[in-house]
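Dropping the structure in here first, questions after.
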Amino acid sequence: TVYAVGCGTAIVTATSTNGITASATISVTEIVAEQIEIVGSSQFYLNESAVFTADIYPENTTNKDVVWTSSDSTIADIDENGNYKGLNVGLTEIKVYILGNEQIYSTIIIEVIKTSPDSIKITGDNTMIQGKYNNLSANVTGGENKEIIWESSDNNKQIAGSKYKK
């Protein structure tokens, strides 16, 4: 029995006890990748790090070396091991392909978003006089997304709602 250890050509020789020999040239070919798929999420927070992996088919493919790229490295950077970091808010395409064969590839569009706040505290006088405005402020801590949407639980009485000022 002969076992193929690697790709290439080898001459196998059999010799009998009385010195008779026979040789055969054996060629071992690689199992070529037919498909590759990216495994990982498509949405990340700003400054979040993650790792993408690539599933290669057939699973016994000989060459499993891959190359990772980002279409916009100002949005997201990815290294040769699939380690990813969101650098700026936006969209970018991550691509992985088989080293030496860019025809076998997979892509994923990822979105980098701002992180949500950790807490919000409303300050100001919570007693009002009808027909007057009151200055309330929201102190947002943590996260990059500091956008506030003000709402009232009872717009029909117009305690807030359309009568508020930002």
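Given the structure is predicted, the values throughout are model-derived calculations rather than measurements.
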Path from Ile36 to Ile38 over hydrophobic side-chain contacts below 4.5 Å: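 Yes, one cluster joins them.
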Worked check of side-chain contact (heavy atoms from CB on, under 4.5 Å) between Glu102 and Tyr97: CA-CA 5 Å; Glu102 290 188 44; Tyr97 61 88; 3.2 Å; yes
Ile98 and Asn63: CA distance, side-chain angles, deciding distance, side-chain contact (heavy atoms from CB on, under 4.5 Å) verdict: CA-CA 8 Å; Ile98 301 294; Asn63 178 12; 3.7 Å; yes
From Gln35 atom CD to Thr61 atom OG1, the distance as rounded to the nearest 0.5 Å: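 Reported value, rounded in 0.5 Å steps: 10.0 Å.
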Flag, side chain of Ser42 to backbone of Ile109, donor-acceptor distance under 3.5 Å: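 Checking the backbone N and O of Ile109 against the side chain of Ser42, no donor-acceptor pair under 3.5 Å is found.
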Leu91 versus Glu111, closest heavy-atom pair with distance: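 Smallest interatomic distance, heavy atoms only, reads CD2-CB, 3.4 Å.
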Rounded distance [0.5 Å steps], CG in Asn88 versus NZ in Lys114: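 NZ of Lys114 is found 11.0 Å from CG of Asn88.
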Side chain proximity check, Thr92 to Ile110, heavy atoms < 4.5 angstrom: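 Yes. Closest side-chain heavy atoms under 4.5 Å.
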Backbone N/O of Glu93 and side chain of Ser71: donor-acceptor pair under 3.5 Å: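 It does hold such a pair.
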Main-chain N/O of Glu59 paired to Lys64 side chain as donor or acceptor, under 3.5 Å: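 Yes, because the side chain of Lys64 sits within donor-acceptor range (under 3.5 Å) of the backbone of Glu59.
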Over all atoms of both residues, closest heavy-atom pair of Phe44 and Ala50: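 Minimum heavy-atom contact is CE2-CB, 3.3 Å.
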Main-chain N/O of Asn83 paired to Asn81 side chain as donor or acceptor, under 3.5 Å: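 Side chain of Asn81 to backbone of Asn83, a donor-acceptor pair under 3.5 Å: no, none is there.
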Exam field: side chain Asp77 to backbone Lys85, donor-acceptor pair closer than 3.5 Å: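 No, the answer is negative, given that no donor and acceptor are paired below the 3.5 Å cut-off.
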Parallel, tilted or perpendicular: ring planes of Tyr84 versus Phe52, cut at 30 and 60 degrees: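 Ring orientation of Tyr84 relative to Phe52: perpendicular.
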Co-membership, hydrophobic cluster, residues Tyr105 and Leu99, 4.5 Å side-chain: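 Yes: a chain of side-chain contacts under 4.5 Å links Tyr105 to Leu99.
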Straight-line distance of Asp55 CG to Ser106 OG, nearest 0.5 Å: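 Here the interatomic distance stands at 9.5 Å.
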Same cluster (ILVMFWY, side-chain, under 4.5 Å), Val5 and Ile26: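 No: no chain of side-chain contacts under 4.5 Å links Val5 to Ile26.
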Co-membership, hydrophobic cluster, residues Val96 and Ile78, 4.5 Å side-chain: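 Hydrophobic grouping puts Val96 with Ile78.
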Closest approach of Pro58 to Ala33 (non-hydrogen atoms, all atoms of both residues):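 It is CD-CA, 4.4 Å.
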Test log, rule side-chain contact (heavy atoms from CB on, under 4.5 Å), inputs Val66 and Ile56: CA-CA 10 Å; Val66 296; Ile56 302 169; 3.9 Å; yes
Evaluation steps, side-chain contact (heavy atoms from CB on, under 4.5 Å), between Thr9 and Thr25: CA-CA 7 Å; Thr9 304; Thr25 301; 3.4 Å; yes
Between Thr15 and Thr21, a side-chain donor and acceptor under 3.5 Å: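 The answer is no; no qualifying pair exists.
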Val140 with Leu136, same ILVMFWY side-chain cluster at under 4.5 Å: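 Yes: a chain of side-chain contacts under 4.5 Å links Val140 to Leu136.
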Ser70 backbone acceptor or donor facing Ser73 side chain under 3.5 Å: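 Looks like no, no N/O pair under 3.5 Å.
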Separation of Glu34 CD from Asn101 CG (nearest 0.5 Å):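 Rounded to the nearest 0.5 Å, the CG-CD separation comes to 11.5 Å.
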Closest non-hydrogen atom pair, Thr13 against Ser23: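 Taking every non-hydrogen atom into account, OG1-OG, 3.1 Å.
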Rounded distance (nearest 0.5 Å) linking atom CD1 of Ile31 with atom OG1 of Thr29: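 Here the rounded value is 7.5 Å.
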